[in-house]
Structure formats: structure tokens, C-alpha cells
Engineer: 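If you scroll down you'll find the structure; I have some questions about it.
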Amino acid sequence: MGRPGFAWAIPATVFFALFAIVPLLMVAVLSFTSWSGLGSPEFVGLDNWTRILDDPVMAKSIWLSLLITVLGVAVQTPLSILLGVWAAGQQRNRAVLSAIYFIPLLLSSTAVSVLWRALLDPNFGVPSEATWLFGDGNLFGGQATAIGVLAFVSTWQFTPFHTLLYQGAARAVPQVLYQAAEIDGAGRYRQFFHITLPQLRNTVITSMILMVVGGLTTFETVLILTQGGPGTDTTISAYYMYQKAFKSFDFGAGAAVALVLVVAATVISLIVVRVSGYDKMRSAMEGL
């Protein structure tokens, strides 16, 4: 049986072109215009790009986006690997505990943000009742604590998704490898570091790319929890784009910021792929 022909890819290609490529081209064109949402866009050349690149808030928003992305990768990756490998095992009550743990994955980002905004409210939430731990209780009043809250909420919501990826990958590891390791006297920890982790390599890379894209495009969490504050201390690029387009009605500048996000996410993802050698990965079905 030969490989499927190109015709099989036509529906997906058309769908991707209509809902990804065409809108992206429209945003690129819009970034060179001045448009308030009413009337017809007016071509202004590189004016929008000049303004956002000269805006210190834009530079700060890029740095904050990268910071939150790095925090997400650094915290979620080891946590989701450990939980995924554990969930792939045969422990007692594993299925029930896994189902409970995956509940945040079923909730929308908006619902999660509203939930944690209420729980962490400095006047009526948990911090107001535990001043011995949270001080004045206003976790949204300082940059460090506000960023910490954003990172924590994102970790709470999205770690189950990445755990699910690792759970599936861990279950696909051939059991004969562990059996051979046991015969050689390898313990559980040596099996994890010398068998499980190497076998999860491609899943780690895929998960990291998803984390990078997700971190750079985080929006609802910031909108509901901090609204970019205090001041502009949590104004990440996606929220900065929202401010430009839907608060200042400067859709041209907002489109320019959106393109910067697309380029940044693409470049970082390509770097991860190239450095990791993921682009050279071969399918088990190769040659069929």
C-alpha cells in the first residue's frame, strides 16, 4: 500500500488557508494602515511600526511575555513529566485521582481566571484571611507577586494537558526495556532517567513548543486577573495588542503587535525544533 496522495491533504489545506493564512495576510496589510474600526482603512506606511517600536511599553511587554513563557516552561515541564509518568502506571486509585486532576483542563481560561480572581481577592478572598502568609493580602499590588499569580494560574490550568501528553507517551514505552533493566539490576530511578526520559524526548519538545506558543499568546488570564497592572507591570504583548486595538481603537498598531507575536512565536519554535533535532525525527511508519 502506497502513501496517501496529495488529494487527501486538500480539505485540511483549504481549511488552514481560509482560517489561518488569509487572516494573517489581512492583519499584515492592516498593520500598514490607520483604522479606528469605522470607515475605510487609510494607508500610512511604516507609521504604526515606528510608533510601537519606539514605545517603551512595547519593549517591556515583549520582555514580560518571554518571562512568563520561560516560567511556564520551567515549572510545567518537570511537573507534567512526573505526573504523566505516574498516571501511566498501575497504582491503586490512579484512574480516579487522574480524573480529578484533569478537571482544570475542562474549564475555559476565562472561568479559571474568574475563579482565581475571587479566591485571591485581597478584600474577600483567601489572602484576607491568611495575612500571616500573604502579608497585606494584595497579591496584585506588586509586579513580582502579580507575575507569580499569573504563572501559578497558568500552571494550574495547563499542566493537566501536558500531563496527558506525557501519560500517553509513557504508556507507549516498550515494557521490554524495563524488563531488561530489571534483569541488569537497575532500580526505579535509573529506569526513569535512562529509559523513560530518553523515550519521552520527542514529547518533551512538542510540549515545550505548545508552551511557548501558549505563553506568548496568553490573554484572558491577564485581562481578568491583573488588567496589565499594577501600572504596566504585567502588560504582556497580547494584552498590549488588545489595548491598542480595542481600547484605543488603533487597529493598525494592534495588527502590528499581533504580527510581532506571530514572528516571535514562530522563531522561538523553529529554534527549539532545530536545536533539539526534532526536525530529523522519523515516524515508525516511515517507508510504508
Side-chain angles (χ1 to χ4, degrees), residues 31 36-37 48-49 51-76 104 107-159 211-262 264-265 268:
S31 68
S36 64
N48 292 324
W49 291 92
R51 286 191 294 113
I52 67 168
L53 293 178
D54 289 340
D55 189 349
V57 178
M58 177 61 184
K60 183 177 182 180
S61 72
I62 294 176
W63 179 84
L64 288 172
S65 296
L66 293 175
L67 175 62
I68 290 179
T69 300
V70 170
L71 287 175
V73 172
V75 175
Q76 293 181 45
L107 305 176
S108 68
S109 296
T110 302
V112 169
S113 300
V114 170
L115 169 66
W116 283 104
R117 178 68 198 187
L119 287 175
L120 299 177
D121 186 278
N123 299 311
F124 309 104
V126 174
S128 65
E129 302 295 332
T131 54
W132 58 272
L133 178 62
F134 297 100
D136 62 1
N138 187 9
L139 298 178
F140 304 104
Q143 183 180 38
T145 53
I147 290 177
V149 169
L150 293 176
F152 169 78
V153 172
S154 295
T155 299
W156 185 82
Q157 181 182 8
F158 294 112
T159 297
M211 288 180 188
V212 168
V213 175
L216 292 177
T217 56
T218 297
F219 171 70
E220 303 99 319
T221 307
V222 175
L223 175 66
I224 296 174
L225 287 177
T226 66
Q227 296 185 351
T232 59
D233 285 346
T234 58
T235 301
I236 61 175
S237 297
Y239 187 76
Y240 180 72
M241 174 188 67
Y242 164 78
Q243 286 182 317
K244 284 292 184 183
F246 297 100
K247 283 193 172 182
S248 301
F249 297 100
D250 189 354
F251 287 93
V257 178
L259 278 183
V260 171
L261 277 174
V262 170
I268 295 176

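Start at 1 with the first residue, then count along the sequence.
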Engineer: For Val222 and Phe219, what are the C-alpha separation, side-chain angles and deciding distance, and is it a side-chain contact (heavy atoms from CB on, under 4.5 Å)?
Structural biologist: CA-CA 5 Å; Val222 175; Phe219 171 70; over 6 Å; no
Engineer: Sort and list the pairs that fulfil side chain to side chain donor-acceptor pair (under 3.5 Å) and have at least one residue in residues 216-237, not counting sequence neighbours.
Structural biologist: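 Passing the test, one end in residues 216-237: Lys60-Thr232, Lys60-Asp233, Ser61-Ser237, Ser65-Ser237, Thr226-Thr234.
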Engineer: Taking all heavy atoms of Gln76 and all of Thr159, pick out the closest pair and write down the distance.
Structural biologist: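 Nearest heavy atoms, Gln76 then Thr159: CG-OG1, 3.5 Å.
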Engineer: If you look only at distance, which donor and acceptor atoms sit under 3.5 Å apart when one is on a side chain in residues 124-135 and the other is two or more places apart or in another chain?
Structural biologist:
unit_1, atom_1, unit_2, atom_2, d
Ser128, OG, Gly125, O, 2.6

Engineer: Between Gly254 and Ala245, which heavy-atom pair has the shortest distance, and what is it?
Structural biologist: CA-CB, 4.3 Å
Engineer: For residues Leu139 and Thr145, report the shortest heavy-atom separation together with the two atoms involved.
Structural biologist: O-OG1, 2.7 Å
Engineer: Apply the test side-chain contact (heavy atoms from CB on, under 4.5 Å) to residues Gln143 and Leu64: give CA-CA distance (whole Å), side-chain angles for both, the deciding distance (0.1 Å), then the verdict.
Structural biologist: CA-CA 10 Å; Gln143 183 180 38; Leu64 288 172; 3.7 Å; yes
Engineer: Between Ile236 and Leu150, is a side-chain contact (heavy atoms from CB on, under 4.5 Å) present by the stated rule, with each step listed?
Structural biologist: CA-CA 11 Å; Ile236 61 175; Leu150 293 176; 5.6 Å; no
Engineer: Given Leu66 and Ile268, is the side-chain contact (heavy atoms from CB on, under 4.5 Å) satisfied, shown in steps?
Structural biologist: CA-CA 10 Å; Leu66 293 175; Ile268 295 176; 3.8 Å; yes
Engineer: Can you tell me how far apart CH2 (Trp116) and CH2 (Trp156) are? Round to the nearest 0.5 Å.
Structural biologist: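 Rounded to the nearest 0.5 Å, the CH2-CH2 separation comes out at 6.5 Å.
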Engineer: Of the non-hydrogen atoms in Arg51 and Ala253, which two are nearest, and what is the gap between them?
Structural biologist: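 Reported closest heavy-atom pair: NH2-CB, 3.9 Å.
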Engineer: Return the CD1 to CH2 distance between Ile68 and Trp63, rounded to the nearest 0.5 Å.
Structural biologist: 9.5 Å
Engineer: Look at the side chain of Asn48 and the backbone N and O of Ser31, then say whether any donor-acceptor pair between them is shorter than 3.5 Å.
Structural biologist: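 Looks like yes, one N/O pair under 3.5 Å.
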Engineer: Output the distance between atom NZ (Lys247) and atom OH (Tyr239), rounded to the nearest 0.5 Å.
Structural biologist: 3.5 Å
Engineer: What are the two closest non-hydrogen atoms of Ile224 and Arg117, and how far apart are they?
Structural biologist: O-CD, 3.8 Å
Engineer: Specify the closest pair of heavy atoms between Phe140 and Leu120, including all atoms of both residues, with the distance to one decimal.
Structural biologist: CE1-O, 3.6 Å
